[in-house]
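Reminder, nothing fancy here: chain letters follow the sequence lines and each chain counts from 1.
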2 protein chains.
Amino acid sequence: MNKHEKISPAVIRRLPKYYRYLGELNKVGINKTSSRELSEMTGFSASQIRQDLNNFGGFGQQGFGYDVGNLRNEIGKILGLDKKYKIIIVGAGNIGQAIANYTGFYEADYEVVALFDKNPKLKGFSIKDALILDSDNMEEFLKNEHIDIAVICTPKSVSQQVAEQLVRCGIKAIWNFAPKDLKMPEGVYVENVHLNESLFSLTYYYNKMKKESE
Amino acid sequence: MNKHEKISPAVIRRLPKYYRYLGELNKVGINKTSSRELSEMTGFSASQIRQDLNNFGGFGQQGFGYDVGNLRNEIGKILGLDKKYKIIIVGAGNIGQAIANYTGFYEADYEVVALFDKNPKLKGFSIKDALILDSDNMEEFLKNEHIDIAVICTPKSVSQQVAEQLVRCGIKAIWNFAPKDLKMPEGVYVENVHLNESLFSLTYYYNKMKKESE
DNA sequence: TAGATTGTTAATCGATTAACAATC
DNA sequence: TAGATTGTTAATCGATTAACAATC
């Protein structure tokens, strides 16, 4: 039986934040914390934090609190950060290159093994240790290498088509930066980073504040 | 009185999606739609869509549906996409440059007017029409130019400090790409794009699917 | 008019918060 | 032991869904 079966997405979205703050505590040598303390750091209520953690088991000690290193480890295991992941990036334009260069993923073991692009001018260049290859070779590449996660950084006009190609090659996890929703079969998980939606939402609140302060 | 006062963030997050799909309908010349049709496109329930829209007023016609162009316009106005926004980007590394180059914002009138970076090697280069300037000149720059939105693409180690500097210069809207939460005073809105949290969440669901298919 | 679809109220569902017994 | 804080149940709150009258 899978214990995590009915965990709500809202809970899962909060886990990385706990993980991050526990990492910060760890770094400065603090090895004991409490839901109240985590509440102050994260802005979530202490009650909510306890509820969240107890979805996965009792990581704390009554009357005492949580062991920072242990709790961080446990959350890491829940998220799967104790494993290695191989990534390809499809579309080696601005965003694709930025992701390939991004160093913010160091906490876990993600490795970008290749980028793919249609533009022949990019062919042969590499970012960090990842070569930029021709899109035409992608299917062949995916037959020979096990890839966990594919990142879509193509123009939105081809994103659906690229996604379908990836799925045909066995990809089950897609990180989608193209501003378009992908229609995917069951068993493929898509995580969207829709920058325009994020900016539009920011714009709304910016205007709202302006109006209120008038 | 501000009609939008009590609108929940969940509603606001859905508006850009409606806006996008209405734009697509518009582009192919369809000028009439319904909550049922929008439901099929967006995946949100028809009931929810009607609820969402009625937070802002009756944009539809009973027995008929919604006029695509009109509804899109109205949502655009709610989000503030009918106005112009001047943007600066702080941190002209990979992410900062990618944002400056990003063309996905075309639907509204956002203009990146400058980037700022500490690295003297980047000084004088420009991306599209935006010059990369020295961070030391940022405060002076902000005194002379009215900027609506500042994008933080610095390393996380300096993001808080940069944000405080921006706020001192009158910035009220921050789009934060540094993987750290900003502590800001009332009246400053921060929209976070925490790529690591997004990737960790993807990782969780990827593993969950793998376990389930075993 | 009959059919369709909105706008809106009521019902349901799920997530958050409060409370407190268990226990370190 | 007394104080603190978890784990967990119950209460509350808010968001989503269902239902239907209004009306084009």
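Counting heavy atoms from C-beta on, the side chains of A:Gln97 and B:Gln97 never come closer than 4.5 Å.
Contact between the side-chain N/O atoms of A:Tyr66 and the OP1/OP2 oxygens of D:dA4 is not found at any separation under 4.0 Å. Taking side-chain N and O atoms only, A:Ser45 has a distance below 4.0 Å to OP1 or OP2 of C:dT17. Between C:dT16 and A:Arg14, a contact under 4.0 Å exists linking OP1 or OP2 to a side-chain N or O.
A cation-pi geometry, defined here as NZ or CZ lying under 6.0 Å from the six-membered ring centre and within 45° of its normal, does not hold between A:Lys17 and A:Phe44.
Among the nucleotides D:dT6, D:dC24, D:dT16, the one closest to any side-chain atom of A:Ser34 is D:dT6. When distances run from any side-chain atom of A:Ser47 to the nucleotides C:dG7, C:dA19, D:dA19, the shortest one goes to C:dA19. Side-chain proximity of B:Gln51 to C:dA15, C:dT6, C:dA10: nearest is C:dA10. If you check C:dA10, D:dT5, D:dC20 against the side chain of A:Arg36, the one that comes closest is D:dT5. Nearest nucleotide to the side chain of A:Lys32, out of C:dG7, D:dT8, D:dT5: D:dT5. Which of D:dC24, D:dA15, D:dT6 sits closest to the side chain of B:Gln62 comes down to D:dC24.
Between the C1' atom of D:dT6 and the CG atom of A:Leu53 lies a distance of 10 Å, rounded to the nearest Å. The separation between A:Asp52 atom CG and C:dA15 atom P is 11 Å, rounded to whole Å. Distance CD1 (A:Ile49) to P (C:dA15): 17 Å, rounded to an integer number of Å. One interatomic measurement links the two molecules: CG of B:Asn54 to P of D:dA22, which rounds to 16 Å at whole-angstrom precision.
At a threshold of 4.0 Å, the pair A:Glu40-A:Arg36 counts as salt-bridged, since one of the basic side-chain nitrogens sits closer than that to a carboxylate oxygen.
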